Amino acid sequence: MRFGVVVFPGSNCDIDCYHVVKDVMNKEVDYLWHKDRLEDFNKYDCIILPGGFSYGDYLRVGAIARFSPVMEGIIEFAERGKLVLGICNGFQVLLEAGLLPGAMIKNDSLKFRCFYTHIKVENARTPFTGQCFQGQVLRIPIAHGDGNYYVPDDMLKELEENNQIVFRYCDEEGRAVREANPNGSIENIAGICNKRGNVLGMMPHPERCSEEILGSSHGRLIFESIVRYLEGGGSVGR
């Protein structure tokens with residue numbers, strides 16, 4: 001089992017992701033430079049697009065990274081049904097690349113928000129949430145200025161019908177109320193997957209809370225879900 005962690009100019013959570021995969025999950029992992037044209041992605045089972053400020057967030061978050069040479073291979077990788085996880089800026093890049101629907105705009109407060117939030121697992125039947133239970137509340141930090149997820153009404157309806165909404169911001173009791181929404185994201189959405197379920201984008205940072213010493217280990221559930229899914233030959237479940 002081997003993971004790849006993409007490094008764009010401006011990525012700042014690549015080392016954290018690498019650490020969790022290698023030192024916490026004890027799995028093989030490589031850094032993938034943004035200029036790499038990886039013709040052979042067969043040795044990878046999951047590719048992670050980490051958080052940060054790819055290309056300084058110039059023009060628009062994720063808009064330049066989407067055209068990095070490595071993205072051509074990642075799009076093909078995803079189309080073959082392989083696992084792709086985008087965290088924060090990685091989520092924004094996946095939206096710009098068209099691997100996930102919708103767009104990300106400025107937080108409604110127009111302020112950078114950096115603190116622990118609670119998110120509710122809306123879909124525990126994905127390769128990324130199989131070790132969670134339906135409705136479980138996770139405590140995971142955010143750190144972003146452009147986390148206000150938006151889709152038009154018809155696309156939102158499609159996300160709901162296809163069970164593509166994976167996480168919603170909520171309070172400690174699991175209620176997706178306005179007060180628990182840190183950025184104005186439509187319907188408190190914190191993470192979505194594609195129709196096939198093999199591509200997940202999420203704004204909270206699971207790599208920053210995968211060890212108790214960091215104040216929460218709930219993020220480890222995301223990585224454990226991926227590992228169990230791959231070890232189980234593609235089956236989802238605890």
Side-chain angles (χ1 to χ4, degrees), residues 1-22 25 27-106 126-128 143-147 149-151 164 166 191-208 222-223 226-227 229-230:
M1 184 184 305
R2 183 176 288 272
F3 288 71
V5 175
V6 178
V7 182
F8 298 105
S11 294
N12 63 16
C13 297
D14 44 340
I15 297 175
D16 306 74
C17 290
Y18 186 98
H19 164 70
V20 172
V21 173
K22 186 174 182 61
M25 304 307 301
K27 301 303 177 186
E28 297 296 324
V29 57
D30 299 321
Y31 287 118
L32 306 178
W33 184 231
H34 71 112
K35 289 186 176 180
D36 288 346
R37 292 183 181 276
L38 298 181
E39 296 178 359
D40 182 12
F41 272 47
N42 291 330
K43 67 179 179 180
Y44 297 109
D45 299 290
C46 177
I47 290 178
I48 301 173
L49 279 68
F53 301 87
S54 58
Y55 297 90
D57 279 355
Y58 294 125
L59 181 62
R60 187 175 64 242
V61 290
I64 300 177
R66 176 261 176 275
F67 292 101
S68 290
V70 73
M71 288 304 299
E72 184 177 344
I74 291 173
I75 291 172
E76 181 182 333
F77 185 80
E79 289 175 346
R80 286 194 282 121
K82 296 287 189 175
L83 302 186
V84 178
L85 169 61
I87 301 169
C88 196
N89 188 226
F91 184 7
Q92 295 160 344
V93 175
L94 293 177
L95 293 170
E96 290 289 337
L99 285 173
L100 291 172
M104 205 67 75
I105 57 178
K106 293 285 185 187
T126 81
F128 310 91
H144 58 247
D146 298 77
Y149 179 73
Y150 174 78
V151 286
Q164 290 176 248
V166 181
I192 61 169
C193 64
N194 61 349
K195 288 182 180 178
R196 195 170 181 176
N198 64 303
V199 179
L200 173 73
M202 61 186 296
M203 288 310 293
H205 286 264
E207 80 284 4
R208 294 188 182 183
I222 308 303
F223 295 96
I226 296 170
V227 170
Y229 174 84
L230 294 172

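The figures here come from the full heavy-atom set of this structure, side chains too, leaving out hydrogens, waters and symmetry mates. Keep in mind it's a predicted model, so treat the numbers as computed, not measured.
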side-chain contact (heavy atoms from CB on, under 4.5 Å) between Val6 and Val93, worked out: CA-CA 11 Å; Val6 178; Val93 175; over 6 Å; no
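- Contact of the Pro50 side chain with the Asp16 side chain is not registered, since no non-hydrogen atoms from C-beta on lie closer than 4.5 Å.
- Tyr18 has its side chain out of reach of Ile48: every pair of non-hydrogen atoms, C-beta onward, lies at least 4.5 Å apart.
- Interatomic distance, Tyr229 OH to Phe128 CZ, rounded to the nearest 0.5 Å: 8.5 Å.
- For NZ of Lys106, the number of neighbouring non-hydrogen atoms (other residues, nucleotides, ligands) closer than 6.0 Å is 12 at most.
- Remark: the backbone N or O of Val199 is paired with a side-chain donor or acceptor of Asn194 at under 3.5 angstrom.
- In this structure, Met104 and Met203 have side chains that are in contact, with non-hydrogen atoms separated by less than 4.5 Å.
- A 4.5 Å side-chain heavy-atom check between Val21 and Met1 finds every atom pair outside the cut-off.
- By the 4.5 Å heavy-atom criterion applied to side chains, Phe53 and Asn12 are counted as neighbours.
- By the 4.5 Å heavy-atom criterion applied to side chains, Ile87 and Pro206 are counted as neighbours.
- Heavy-atom minimum distance, Met71 versus Ala65: CG-O, 3.3 Å.
- Listed for the Asn198 side chain is a donor-acceptor partner under 3.5 Å among the backbone atoms of Lys82.
- Minimum interatomic distance between Cys193 and Leu100 (heavy atoms only, all atoms of both residues): C-CD2, 3.5 Å.
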Chi angles and distances behind the side-chain contact (heavy atoms from CB on, under 4.5 Å) call for Leu200, Thr126: CA-CA 9 Å; Leu200 173 73; Thr126 81; 5.7 Å; no
Pair Ile64-His34, side-chain contact (heavy atoms from CB on, under 4.5 Å): steps then yes or no: CA-CA 11 Å; Ile64 300 177; His34 71 112; over 6 Å; no
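- Once rounded to the nearest 0.5 Å, the distance linking CG of Asp146 with CD1 of Ile105 reads 9.0 Å.
- Shown here for Leu32 and Gly4, the closest heavy-atom pair between the two residues is CD1-CA, 4.0 Å.
- Here the straight-line distance linking atom CZ of Phe8 with atom CG of Leu49 works out to 4.5 Å at 0.5 Å rounding.
- Under the salt bridge (charged side-chain N to carboxylate O under 4.0 Å, His left out) criterion, Lys35 pairs with no residue at all, not counting sequence neighbours.
- Here CD of Glu28 is found 10.5 Å from OH of Tyr44. Values are rounded to the nearest 0.5 Å.
- Side-chain contact between Lys27 and Phe223: absent, with no pair of heavy atoms (C-beta onward) separated by less than 4.5 Å.
- His205 approaches Gly51 most closely through the heavy-atom pair CE1-CA, 4.1 Å.
- A donor-acceptor pair is defined here as one N or O able to donate and one able to accept, closer than 3.5 Å; no such pair exists between the side chain of Glu207 and the backbone of Cys13.
- Atom CG of Leu94 sits about 9.5 Å away from atom CD1 of Ile75, to the nearest 0.5 Å.
- Atom SG of Cys17 and atom NZ of Lys22 lie 15.0 Å apart (nearest 0.5 Å).
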Derivation and outcome, side-chain contact (heavy atoms from CB on, under 4.5 Å), residues Phe41 and Ile74: CA-CA 8 Å; Phe41 272 47; Ile74 291 173; 4.0 Å; yes
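- Taking a cutoff of 4.0 Å between a charged side-chain nitrogen and a carboxylate oxygen, Arg2 and Asp30 qualify as a salt bridge.
- Counting only distance, with no hydrogens or angles, the side chain of Asn89 and the backbone of Ser54 share a donor-acceptor pair below 3.5 Å.
- Pairs passing the side chain to side chain donor-acceptor pair (under 3.5 Å) check and including a residue from residues 56-71, sequence neighbours excluded, read Tyr55-Ser68, Arg60-Glu96.
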